[in-house]
**Q** 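Right, I'll just put the structure down here and ask away after.
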Amino acid sequence: MPPRTFFQRDPESLAKALLGQHLVRVIANQRLVGRIVEVEAYLGVKDKAAHTYAGRRTPRNEAIWGPAGHAYVYFTYGMHHCMNVVAGDVDVPVAVLIRALEPVEGLDAMHAHRLKASRPIDLCSGPAKLCQAMSIDKNLNGADLVSGLSLTIEQTRARTLPARMIATGPRIGVDYADDWAQKPLRFWVKDNPHVSR
DNA sequence: CCCGTGATTTAT
DNA sequence: TAAATCACGGGG
């Protein structure tokens with residue numbers, strides 16, 4: 001498990017560092033594990049696509065303003081949850097959205113959580129899909145990924161992915177954000193079939 | 001392409 | 001209080 005200092009950096013750097021690491025969810029002594037293959041960086045008060053744009057601080061997004069290495073889980077569209085990893089320093093509201101995982105452990109349980117998905121490739125290939133597969137909801141909003149037990153990050157043996165294996169492009173679903181919509185703040189593992197869309 | 005779905009935010 | 005919005009997913 002990485003120390004808190006791993007998370008305490010700018011969100012673009014953390015986004016790339018999270019690729020290849022494992023997101024681990026423990027439920028009733030069972031491990032659900034996914035390799036992080038797609039992420040997006042959200043750059044805080046200046047970022048028109050971010051929930052904290054222009055210094056917005058509300059009950060929902062409070063976790064982003066806190067210390068790095070915690071989860072920010074929010075509910076949207078009346079039915080979906082999405083999970084972020086908080087980056088940066090306290091009072092600097094930056095974070096990384098987890099957009100896709102490659103299932104590694106606990107595939108049966110993930111399937112049970114996602115009845116609509118038939119193939120492994122449909123289990124975690126989207127930010128709300130992976131939350132459903134790993135049973136991540138608002139109960140885990142604010143959870144500490146460094147010291148916690150039920151939701152953590154584990155560093156894989158490879159540690160950091162070489163830059164040549166990382167692809168970059170615009171973030172998804174932020175068309176409302178004008179000039180910020182096109183900035184290359186989405187990162188994924190090149191040629192990995194488990195990324196979204 | 002379109003629409004479900006309701007918490008959360010923002011405007012009156 | 002009321003209206004608008006939405007870092008999505010599934011089905012044509």
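Residue numbers start from 1 in every chain, and the chains themselves are labelled A, B, ... in the order their sequence lines are given, proteins ahead of strands.
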**Q** Quick one: CG on A:L130 to CG on A:L23, what's the gap to the nearest 0.5 Å?
**A**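 Nearest 0.5 Å value for the CG-CG distance: 7.5 Å.
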**Q** Please tabulate, for the side chains in residues 76-93 of chain A, all donor-acceptor contacts under 3.5 angstrom to protein atoms that are two or more places apart in sequence or on a different chain.
**A**
{"from": "A:D89", "atom 1": "OD1", "to": "A:Q8", "atom 2": "NE2", "distance (Å)": "2.8"}

**Q** Of all nucleotides in DNA chain B that come within under 4.0 Å of a heavy atom of chain A, which is furthest toward the 5' end and which toward the 3' end?
**A**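 Here the contact window of chain A covers B:dG4 to B:dT10.
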**Q** Which residues in residues 173-197 of chain A have at least one heavy atom lying under 4.0 Å from any atom of DNA chain C?
**A**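 Result for residues 173-197 of chain A: A:G173, A:V174, A:Y176, sorted by number.
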**Q** Got a sec, which pairs hit ring-ring contact (aromatic ring centres under 6.0 Å, His included) with one end in residues 171-197 of chain A, sequence neighbours left out?
**A**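 Pairs touching residues 171-197 of chain A that pass the test: none.
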**Q** Only pairs under 3.5 Å count here: list side-chain donor-acceptor contacts from residues 138-149 of chain A, not counting sequence neighbours, and write none if there are none.
**A**
{"from": "A:N139", "atom 1": "ND2", "to": "A:D137", "atom 2": "OD1", "distance (Å)": "3.3"}
{"from": "A:N141", "atom 1": "OD1", "to": "A:V73", "atom 2": "N", "distance (Å)": "3.0"}
{"from": "A:D144", "atom 1": "OD1", "to": "A:R4", "atom 2": "NH1", "distance (Å)": "3.3"}
{"from": "A:D144", "atom 1": "OD1", "to": "A:R4", "atom 2": "NH2", "distance (Å)": "3.3"}
{"from": "A:D144", "atom 1": "OD1", "to": "A:V146", "atom 2": "N", "distance (Å)": "2.9"}
{"from": "A:D144", "atom 1": "OD2", "to": "A:R4", "atom 2": "NH2", "distance (Å)": "2.8"}
{"from": "A:D144", "atom 1": "OD2", "to": "A:S147", "atom 2": "OG", "distance (Å)": "3.0"}

**Q** Counting Watson-Crick and G-U wobble pairs with both distances under 3.5 Å, what is the dot-bracket string for DNA chain C, 5' to 3', using [ ] for crossing pairs and | for pairs to another strand?
**A** ||||||.||||.
**Q** Verify, without hydrogens or angle tests, whether A:N61 (side chain) and A:H51 (backbone) share a donor-acceptor contact under 3.5 angstrom.
**A** yes
**Q** Quick check for you: name the first and last nucleotides of DNA chain C, 5' to 3', having an atom under 4.0 Å from a heavy atom of chain A.
**A**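 Endpoints of the contacted stretch of DNA chain C: C:dC6 to C:dG11.
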**Q** Is it true that A:R56 and A:T52 share a donor-acceptor pair across their side chains at a distance under 3.5 Å?
**A**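 Looking only at side-chain atoms, A:R56 and A:T52 do not form any donor-acceptor pair under 3.5 Å.
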**Q** Under 3.5 Å, which donor-acceptor pairs link side chains of residues 116-124 of chain A to any protein atom two or more places apart or in another chain?
**A**
{"from": "A:R119", "atom 1": "NE", "to": "A:D122", "atom 2": "OD2", "distance (Å)": "3.0"}
{"from": "A:R119", "atom 1": "NH2", "to": "A:D122", "atom 2": "OD1", "distance (Å)": "3.1"}
{"from": "A:R119", "atom 1": "NH2", "to": "A:D122", "atom 2": "OD2", "distance (Å)": "3.2"}

**Q** Name every residue in residues 59-85 of chain A that has at least one heavy atom under 4.0 Å from any atom of DNA chain C, in order of residue number, or write none if there are no such residues.
**A**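 Output list: A:Y74, A:T76, A:Y77, A:H80, A:C82, A:N84.
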**Q** For the CD1 atom of A:I36 and the CD atom of A:E154, what is their distance to the nearest 0.5 Å?
**A** 11.0 Å
**Q** Tell me which residues in residues 97-108 of chain A lie within less than 4.0 Å of DNA chain C, going by non-hydrogen atoms.
**A** A:L97, A:R99
**Q** Mind checking A:A49 for me? I need base, sugar-phosphate or nothing, with any heavy atom below 4.0 Å counting as a touch.
**A** base
**Q** Which donor-acceptor pairs under 3.5 Å do the side chains of residues 94-102 of chain A make with protein atoms, sequence neighbours left out?
**A**
{"from": "A:R99", "atom 1": "NE", "to": "A:E38", "atom 2": "OE2", "distance (Å)": "3.1"}
{"from": "A:R99", "atom 1": "NH2", "to": "A:S196", "atom 2": "OG", "distance (Å)": "3.3"}
{"from": "A:E102", "atom 1": "OE1", "to": "A:R35", "atom 2": "NH1", "distance (Å)": "3.4"}
{"from": "A:E102", "atom 1": "OE1", "to": "A:N192", "atom 2": "ND2", "distance (Å)": "2.9"}

**Q** Just to be sure I understand the rule, does A:R114 reach a base, reach only the sugar-phosphate, or reach nothing, if contact means heavy atoms closer than 4.0 Å?
**A** sugar-phosphate
**Q** Which of residues 39-48 of chain A sit near DNA chain C, with a heavy atom under 4.0 Å from it?
**A** A:Y42
**Q** What distance, rounded to whole Å, do you find between the two P atoms, one in B:dT12 and one in C:dC6?
**A**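 After rounding to an integer number of Å, I get 16 Å for this pair.
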**Q** Between B:dT9 and C:dG9, how far is it from one C1' atom to the other, in whole Å?
**A**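 To the nearest whole Å, 23 Å.
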